[in-house]
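This report concerns only the one structure given below.
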Protein chains: 2
Amino acid sequence: MNNLVSIKSATLSEDIAQQLSNAIVQGEIPQGSKISEPELAKQYGVSRGPLREAIVKLEGLGLVTRTANVGARVIQLNIQDMLDTFSMREALEGMAARLAATSMPLTEVNRLYTLLDKHQAYLDDNQDEHYVQQGGNDDFHLRIIHASGNAKLVRLLTEELYAVIRMYRRHTADQRSDPRQALREHRAILDAIANHEGDLAELLMRRHISRASHLLKQAMEHSALASQ
Amino acid sequence: MNNLVSIKSATLSEDIAQQLSNAIVQGEIPQGSKISEPELAKQYGVSRGPLREAIVKLEGLGLVTRTANVGARVIQLNIQDMLDTFSMREALEGMAARLAATSMPLTEVNRLYTLLDKHQAYLDDNQDEHYVQQGGNDDFHLRIIHASGNAKLVRLLTEELYAVIRMYRRHTADQRSDPRQALREHRAILDAIANHEGDLAELLMRRHISRASHLLKQAMEHSALASQ
DNA sequence: AAACCTTAAATTGTCGACAATCATGCTTGA
DNA sequence: TCAAGCATGATTGTCGACAATTTAAGGTTT
């Protein structure tokens, strides 16, 4: 029985992969839990074939680990893994910012300035509550990545790594972060890009992500996630 | 009928994925060609089930592209894609070198110096013929990546991206590269790592990969690959 | 009581068959 | 003659069943 709004896709396995991915990121399927093929197949109302295909895809996304003849388990977030992930983000999004500085069209630069103004207004109106921009078109980082013009980079960051990144973002919810500080950093990065200063844009992006990583680490150390 | 030495693995789909991956990288299955499930299933002597799983994995590796109800095609190498891939390599392996500069144990540093001496001796004995180090334990880049101590980075570079990188390496065969120059650059990178100079190690690694990318571009522009 | 072996249940891996979709060639009509 | 539509063949997507392996439980032995 399908308990989610099913976004009709071309193939069942794509649907299932999408829904499973969301369920894991949202924590509906708890970390470290076992993925039972018969159980999930019944739950989603499909046979084990497409379900297995979906699980293989999730393994590629790093959301589950599979061992032969045993099955799949949802990954377990931990500080070391988070630091590793964010080091990669730092390298990749730093490169994205560098590339964006030379390839972002002026129209997109202006659209992004408008977007940051919108974020600013949101913070003013909502007592600094963090702007929820997960995955949407309002996500500053995603816009930079796309502006890099590097198709491989886009795919890697927005399709393969993004699920895990979203998972970390969500499960710590940026409680300790200072949205106004983040916004200032975003503006500085965009300034560098607008001025075609690739080196600076990369440096600022790396510093920005490194700082976010540091805050997330502190948050995890003071939460249940620190138990592993 | 299995026409390759089958390295027995825990599961058929793993075997097939491995063999297919090699066949594509080696060019036995030509670029852009269609992957026929019935045909390959017969060829490898398995049913379509495990074969499909293998294809899904290859899609995750970026070796094939799949479209629903149509099938899978082997990717087609081209200059833009190569440049994109090497930009990512530059960012990621640069980070790996930076991390290795602080985490590589002295024993491994010494082993790598020995390895470079071995490469040097090989060049002396074989009139500068390029040392074949594809994927093996003698691959300098792989050793640096592993020394980064970042498990995510290792997995991404050595499992997910490496197949495509090997494909580019192979199909251009580094004809134009100067092995002695590359060796000098390797030595400079290792020096920086040995001195715990992360900034410098990253800079040198990025320059090294950027240079390789430039050479590969020239090689591709003067070969049949430029036709796309 | 603990460790080991045996056995049964459940889960994963694999297979062959059917349904749905796409590609091809032919017919038909203008 | 050419284009549109149809029919046919082939390929992919999905399913249910069987085989192989792992896990769990129970009984036996030391």
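Numbered from 1 within each chain, the chains take letters A, B, ... in sequence-line order.
For B:P38, the listed nucleotide lying nearest its side chain is D:dT12; candidates were C:dT14, D:dT14, D:dT12. Comparing C:dT14, D:dT22, D:dT14 by their nearest atom to the side chain of A:V70 picks out D:dT22. The side chain of A:E37 lies closest to C:dG13, out of C:dA23, D:dT14, C:dG13.
In this structure, B:H146 has its ring center at least 6.0 angstrom away from the ring center of B:H141.
Taking only side-chain nitrogens and oxygens, A:K34 never comes nearer than 4.0 Å to OP1 or OP2 of D:dT23. Between B:T11 and C:dT14 there is a side-chain N or O to OP1 or OP2 distance below 4.0 Å. Taking only side-chain nitrogens and oxygens, B:R52 never comes nearer than 4.0 Å to OP1 or OP2 of D:dT12.
Look at A:R66 and B:E53 and you find a salt bridge, because one of the NZ, NE, NH1 or NH2 atoms lies within 4.0 Å of a carboxylate O, short of that distance. Salt bridge A:E202/B:R206: present, at least one basic N to carboxylate O contact under 4.0 Å. A salt bridge links B:R143 and B:E108; the closest N-O separation between the charged side-chain nitrogens and carboxylate oxygens is under 4.0 Å.
As rounded to whole Å, 12 Å separates atom C1' of C:dT11 from atom CD of A:E39. Note: CZ (A:R66) to P (D:dT22) measures 15 Å, nearest angstrom. For the pair B:L12 CG and D:dC18 P, the interatomic distance rounds to 20 Å; values are reported in whole Å. Summarising the geometry, the separation between CZ on B:R73 and P on D:dT12 is reported as 11 Å, rounded to the nearest angstrom. Regarding B:I16, its CD1 atom lies at a distance of 15 Å from the P atom of C:dG13, rounded to whole Å. Separating the CD atom of B:E14 from the P atom of C:dT12 is a distance of 15 Å, rounded to the nearest angstrom.
Looking at heavy-atom distances under 4.0 Å, A:I35 makes contact with sugar-phosphate atoms alone, never a base. Across all strands, A:L51 comes closer than 4.0 Å to no nucleic acid atom at all (heavy-atom distances).
Position along DNA chain C of the nearest nucleotide to B:E53 versus B:R48 favours B:E53 as the more 5'-ward residue. Projected onto DNA chain D by closest heavy-atom contact, A:N69 and B:A72 fall at different nucleotides, the more 5' of which corresponds to B:A72.
Relative ring orientation between A:H186 and A:F140 is described as parallel, the plane-to-plane angle staying below 30° on a 0-90° scale split at 30° and 60°.
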